[in-house]
Amino acid sequence: RMQEDARYLKRKVRAGSLDVHPTEKALVVQYEVEASILGEGGDPMLGERKEGQKIIRVKSLSPSTDVGALARKVVEECRLIPLSRLPQVEHLLHYLQSRRPAEGKGQGVPRELTPFEGLEVGEEASISQVERYVELLYEGLPEKIRGSALLLQLARNPDNLEELLHNETALGALARVLREDWKQSVELSTIIIYIFFCFSSFSQFQAVVSHYKVGALCMAVVEHELRRHDLWKEELSKKNKAVPEQGSLRRDQEKAVRKYRSLLAKQEQLLRVSLYLLLNLAEDTRTELKMRNKNMVGLLVRVLDREDPELLVLVLSFLKKLSIFLENKNDMAEVDTVQRLARFVPCDHKDLLNLTLRLLLNLSFDSGLRTKMVEAGLLPKLTALLGDATHRQVAMWILYHISVDDRSRSLFAYTDCIPQLLQMLYDHGEEKMDIELISFCINLAASKKNAQIMCEGNGLKMVMKRALKMKDCLLMKMIRNISQHDGPTKALFIDYVGDLAAQMAAEEEEEFVVECVGTLGNLTVPELDWELVLREYNLVPYLKDHLKPGSAEDDLILEVVILVGTVSMDDACAAMLAKSGIIPALIELLNEAPAYLIDLMHDKNTEIRKVCDNTLDIIAEYDEEWGRKIQSEKFRFHNNQWLDMVESRQAEEGEAYLYDNDNDRTDLFYSADGITPGDGSISPDFYNDLQSQNGEDPPAG
């Protein structure tokens, strides 16, 4: 019947995250497809949602490629990437351009996993000899290593994977050996995991890796090796303390250090291949969730203490991928991830630095982690990266997020961040300014110390000149923030009062005028002759006209009211405004205020609700008509809360009724004391009486 009624298939595609492929020269676009079958009336009858990813390979990318042109081509040809993400595409292509390519025959096989020094198998592997290689897996440890190494030769060629996939005997034997013998030989574990890694590099082969539970084994291997490393370091530290500067004990210690380094190199090779395999499997979000439940984040963060750059690049890639999910981000906050990342900023390894910054960017959306970044000393380090064209954009994004916090914002005054930002503003000339740059400046200008630095030299003059010439609303918002601070900076604005007042008379775009009027309203400077300004620019009619309800947007009306207050501090101006008839307009606005306050009375913000309640109580005390309206609104709100509670209780008790045999449910609509009417309604008098019984004051009336 559904097939007969269905008339339309509606499909929505939503683009998600965009990043580089961890091993290939490609971009990865995550997306979500939502398909709905609609009936004749257009209502959804059946729907399904599915996540997917599109890999955009850019094999032609080379050191000489015009990245800008390539980025535009990618955006034009891929409908999943909107034009607004062109800068991000270009940045990711720059990163791919500088990333060293992987070696080896197989796609996605990481170059750093290829060497096995000292491993001699004595022959070239052949796909026709697989059964013989498998037989070696049932013998002693040396034979197992030889057999698995020969199978690895085959697996590293993607052309052989299909045939190996159908050889259940071979894969089953490899999984069994890994499960039983992984603690006996690091070399054997590395080779077998490497074989399964070759399968995991291709989405269509990942199911076989999951089937043999190799991912869970890899997590056990990683955890075990990290514990072993901790023991090695502890033993080495004890020997260092007990050994004299010279003698045979010193030679024994040096020998122990060499052995440690050899073991460490083999262990890190095993960690790399294990984590690469897990990273590939994490493409499936369900598998990623299982990893999270087994403390994947904790294991990865512990590896950040290592020194091998290739291993660190892998770990950071993995953490960056995980960090886009709230639960993983919270896990990272609990294990001091930021403190461990701080040592990589800056560093000589470009890939390592780039990934560190991108991970910090993902974490910087959390206010607590932003505070930890400041405590870890990252503020001056990130500021220094503003001078590096390669990392400037990401560093600025992180710094912008840090500047959102009031406590951290003032600390920028103790770095060279502000002079660099002003130079960037100057370098833009008349070009359109980057939104990140100007937003960052707006935040910083909200701090008094920062504002003073911005005004040093010709800073204010340069910014004001550009804002007025380009009619730049955001730049004027920055100027307005600077003007709000008491002290010497306000006096600097006297030279620009005429320019700002002229914007009001010229009837510029309202959004720009709001910022100009707001800046003038901040200028509570005794030296300023407001009477002269009002007369010269004929502002009184403008102020009067824009105080009428509905004459402009609320933002502009509010700024005009503030400006009137600032101007009225001058006695001569106050008299001039009074004679103009502006006072009735202000009174009319006041008459509108209670309605706005009633709308805000139930705002989610506690402080806003508190201010509104107190103000409405005062209004109700002096105006009987408004008092009745306010009491009625408060009662309506409390009554709705009561009804919601009753309905919720009814639903809960109704559910309980489904699971027991108690048919006596006559109290569903009654409170504990049995006095609430059965229809769930209550009167204002009842509510007031109930509050009095509880020791509360009834609503003002």
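Note: hydrogens, waters and symmetry copies are ignored here, and every other heavy atom, side chains too, is used.
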- [ ] Check the pair F344, L312 against side-chain contact (heavy atoms from CB on, under 4.5 Å), reporting the backbone distance first and the verdict last.
- [x] CA-CA 10 Å; F344 303 130; L312 291 171; 3.8 Å; yes
TODO: Take N362 and K329 through the side-chain contact (heavy atoms from CB on, under 4.5 Å) test and state the conclusion after the steps.
DONE: CA-CA 9 Å; N362 287 357; K329 183 268 298 179; over 6 Å; no
- [ ] Quick one: do K610 and D613 satisfy salt bridge (Lys or Arg N to Asp or Glu O under 4.0 Å)? Show the steps, please.
- [x] CA-CA 5 Å; K610 185 177 179 181; D613 282 341; over 6 Å; no
Task: Check against side chain to side chain donor-acceptor pair (under 3.5 Å), S483 and K490 - done: CA-CA 6 Å; S483 70; K490 280 196 177 183; over 6 Å; no
Task: CA sep, side-chain torsions, deciding dist, call: Q269, L311, side-chain contact (heavy atoms from CB on, under 4.5 Å) - done: CA-CA 8 Å; Q269 192 174 47; L311 177 59; over 6 Å; no
Task: Derivation and outcome, side-chain contact (heavy atoms from CB on, under 4.5 Å), residues H428 and L425 - done: CA-CA 5 Å; H428 269 79; L425 290 177; 5.7 Å; no
Open item on the list: Does E223 form a salt bridge (Lys or Arg N to Asp or Glu O under 4.0 Å) with R227? I'd like the steps, not just the answer.
Closed with: CA-CA 6 Å; E223 188 170 9; R227 286 199 299 267; 3.7 Å; yes
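For R85 and H91, the side-chain atoms include no donor-acceptor pair closer than 3.5 Å. K350 and T390 are not linked by any side-chain donor-acceptor pair at a separation below 3.5 angstrom, with hydrogens and angles left out of the test. Using modelled atom types, one finds a donor on one side chain and an acceptor on the other under 3.5 Å when comparing R306 with Q267.
Note: R272 CZ to E268 CD = 7.0 Å, rounded to the nearest 0.5 Å. Interatomic distance, CD of E515 versus SG of C473, reported as 7.0 Å (0.5 Å rounding). Separating the CG atom in L264 from the CD atom in E225 is a distance of 10.5 Å, to the nearest 0.5 Å. Here T190 contributes atom OG1 and L270 contributes atom CG; the two are 4.0 Å apart, rounded to the nearest 0.5 Å. The line from SG of C441 to NZ of K477 is 14.0 Å long, rounded to the nearest 0.5 Å. From C516, atom SG reaches atom CD of E510 across 12.0 Å, with rounding to the nearest 0.5 Å.
The backbone N or O of I402 sits nowhere less than 3.5 Å from a side-chain atom of R370 that would complete a donor-acceptor pair. Formation of a donor-acceptor pair under 3.5 Å by the K381 side chain with backbone atoms of P346 is not found in this model. In this structure, the side chain of T287 does not engage the main chain of E283 through any donor-acceptor pair within 3.5 Å. Remark: side-chain polar atoms of D434 are not paired, donor with acceptor, to backbone N or O of E436 under 3.5 angstrom. For the pair N481 (side chain) and A445 (backbone), a donor-acceptor distance under 3.5 Å is absent. Within the 3.5 Å criterion, the main-chain N or O of E234 finds no donor-acceptor partner in the side chain of S237. Between the side chain of T415 and the main chain of L411, no donor-acceptor pair closer than 3.5 Å is present. Under a 3.5 Å cut-off, the side chain of K321 and the backbone N or O of L279 do not form any donor-acceptor pair. Judged by distance alone, the side chain of N450 and the main-chain N or O of R409 form a donor-acceptor pair under 3.5 Å. With D405 contributing its side chain and R407 its backbone, the two residues share no donor-acceptor pair below 3.5 Å.
R302 has its side chain within reach of D230: a pair of non-hydrogen atoms, C-beta onward, lies under 4.5 Å apart. At least one side-chain heavy atom of L27 sits less than 4.5 Å from a side-chain heavy atom of L96. You'll find the side chain of V345 reaches within 4.5 Å of the side chain of L360, heavy atoms only. Side-chain contact between L444 and M454 is present, with at least one heavy-atom pair separated by less than 4.5 Å. Residues L353 and L385 meet the side-chain proximity criterion, which asks for heavy atoms closer than 4.5 Å. Counting heavy atoms from C-beta outward, V463 and L422 have side chains that approach closer than 4.5 Å. Considering only heavy atoms from C-beta on, C417 comes within 4.5 Å of L386 through its side chain. With contacts defined as side-chain heavy-atom distances shorter than 4.5 Å, the pair L378/V374 does not qualify.
Within a 6.0 Å sphere centred on CD of Q423, heavy atoms belonging to other residues, nucleotides or ligands number more than 12. Heavy atoms from other residues, nucleotides or ligands lying under 6.0 Å from CG of L83 number 12 at most. The environment of D348 atom CG is sparse: at most 12 non-hydrogen atoms of other residues, nucleotides or ligands sit within 6.0 angstrom. The 12-atom threshold is not exceeded at NZ of K54, counting heavy atoms of other residues, nucleotides or ligands nearer than 6.0 Å. For NZ of K449, the number of neighbouring non-hydrogen atoms (other residues, nucleotides, ligands) closer than 6.0 Å is 12 at most. Within a 6.0 Å radius of CD in Q420, other residues, nucleotides and ligands contribute more than 12 heavy atoms.
A salt bridge is defined here as a Lys NZ or Arg NE, NH1 or NH2 lying under 4.0 Å from an Asp or Glu carboxylate O, and R480 with E559 meets this definition.
With D305 as reference, R340 is the one residue of K233, R343, R340 to meet the side-chain hydrogen bond (donor to acceptor under 3.5 Å, both in side chains) rule.
Pairs of residues two or more places apart, or lying in two chains, that qualify as ring pair (Phe, Tyr, Trp, His ring centres under 6.0 Å) and include a residue from residues 400-420 are F365-H401, F412-F440.
Here the shortest heavy-atom pairing between M291 and L278 reads CE-O, 3.1 Å. Scanning both residues, Q339 and K372, for their nearest heavy atoms gives NE2-CD, 4.1 Å. Smallest separation of non-hydrogen atoms from S200 and Q206: O-NE2, 3.0 Å. Of all heavy-atom pairs spanning L369 and V338, the tightest one is CD2-CG2, 3.9 Å. Across every non-hydrogen atom of W182 and A220, the tightest pair is CH2-O, 3.8 Å. Pairing each heavy atom of M476 with each of A467, the nearest pair is CE-CB, 4.0 Å.
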